[in-house]
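In what follows, residues are counted from 1 in the order of the sequence shown.
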Amino acid sequence: MQLTSVRIITGDIDRLTSFYEQVTGLVASRPAKQFAEFVGETATLAIGSAETMALFSAGAAVPESNRTVILEFRVEDVDQEYARLRPLLAEVVQEPTTMPWGNRSLLFRDPDGNLVNLFAPQTEEARARLAR
């Protein structure tokens, strides 16, 4: 089994897609007006409008209600990304900090309130753990 994608359901697909285009520096593909995706080397971040849930099970996902999942992106330099993104971020949960497990981390919320972590391994142990 291989994890290939994480999907966020939102009430405002254009706003959230624009936000992640600015965060990732990627342009989302938009195969339908209700759906966007950022295809990376290891996984895809998909964004679906709330109306797409009717195709699965209406009400199964509720936009702007997540308080348990953190989307994590590995970056080269957390402090550089923080300086670049700071004007875009409405809520910074944790400014760049080196964590006990060896990653430097920046934690913020996207426009829907989802937690996002940009991190970079700082120690040999952290780099080895993240080697694929």
Side-chain angles (χ1 to χ4, degrees):
M1 185 180 301
Q2 180 182 14
L3 176 65
T4 59
S5 176
V6 172
R7 185 179 316 181
I8 301 171
I9 300 301
T10 182
D12 189 338
I13 191 164
D14 292 331
R15 177 192 65 180
L16 205 56
T17 299
S18 176
F19 177 82
Y20 279 102
E21 284 180 333
Q22 293 174 71
V23 168
T24 66
L26 300 172
V27 175
S29 65
R30 298 287 298 263
K33 70 177 185 166
Q34 311 89 342
F35 186 79
E37 61 185 358
F38 299 87
V39 179
E41 290 182 30
T42 58
T44 296
L45 173 60
I47 301 173
S49 69
E51 65 189 74
T52 64
M53 287 311 299
L55 301 170
F56 295 101
S57 179
V62 179
E64 300 180 38
S65 62
N66 172 37
R67 292 290 186 231
T68 59
V69 174
I70 303 173
L71 299 172
E72 297 188 298
F73 296 90
R74 185 173 176 174
V75 299
E76 289 295 319
D77 186 320
V78 170
D79 296 277
Q80 181 178 341
E81 292 297 325
Y82 180 56
R84 180 179 71 85
L85 294 171
R86 186 63 187 109
L88 175 70
L89 305 178
E91 183 181 350
V92 175
V93 176
Q94 175 187 283
E95 293 186 357
T97 303
T98 301
M99 306 306 285
W101 48 89
N103 289 342
R104 187 134 178 93
S105 176
L106 163 65
L107 194 64
F108 57 89
R109 291 194 186 279
D110 73 15
D112 278 8
N114 300 301
L115 284 169
V116 179
N117 179 33
L118 303 186
F119 75 95
Q122 300 296 297
T123 65
E124 288 302 319
E125 294 82 9
R127 284 188 281 278
R129 189 178 63 252
L130 292 165
R132 301 221 187 261

Under the rule for side-chain contact (heavy atoms from CB on, under 4.5 Å), what residues qualify as partners of [X], not counting sequence neighbours?
X      : result
Glu95  : Tyr82, Val92
Leu26  : Thr24, Phe38
Asn114 : Ile8, Asn66, Asp110, Asp112
Glu91  : Val93, Arg109

My understanding is that only residues two or more places apart in sequence, or in another chain, count here; which of them pass side-chain hydrogen bond (donor to acceptor under 3.5 Å, both in side chains) with [X]?
X     : result
Glu64 : none
Glu72 : Asn117
Ser5  : none

* Asked: Going hydrophobic residue to hydrophobic residue with side-chain gaps under 4.5 angstrom, can you get from Phe119 over to Leu71?
  ->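 No, Phe119 does not connect to Leu71 through the hydrophobic network.
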* Same apolar cluster (I L V M F W Y, side chains within < 4.5 Å links), Leu85/Leu107 ->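 Shared cluster, no.
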* Which residue, Thr17, Thr44, Ile47, forms the side chain to side chain contact (heavy atoms under 4.5 Å, CB included) with Glu37? ->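 Exactly one option meets the side chain to side chain contact (heavy atoms under 4.5 Å, CB included) with Glu37, and it is Thr44.
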Non-neighbouring partners of [X] that pass salt bridge (charged side-chain N to carboxylate O under 4.0 Å, His left out), sequence neighbours left out:
X      : result
Glu124 : Arg127
Glu81  : Arg84
Glu125 : none
Asp14  : Arg30

* Under a 4.0 Å N-O cut-off, is there an ion pair linking Asp77 with Arg104? ->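 No, Asp77 and Arg104 are not salt-bridged.
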* Drop me the distance from Leu106's CG to Gln80's CD, to the nearest 0.5 angstrom. =>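 Leu106 CG to Gln80 CD: 12.5 Å, rounded to 0.5 Å.
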* To the nearest 0.5 angstrom, please state how far the CZ atom of Phe73 sits from the CG atom of Leu45. =>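 So the gap between those two atoms works out to 5.0 Å.
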* Which hydrophobic side chains are connected to Trp101, either touching it within the sub-4.5 Å cutoff or through other members that do? ->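 Trp101 shares its hydrophobic cluster with Met99.
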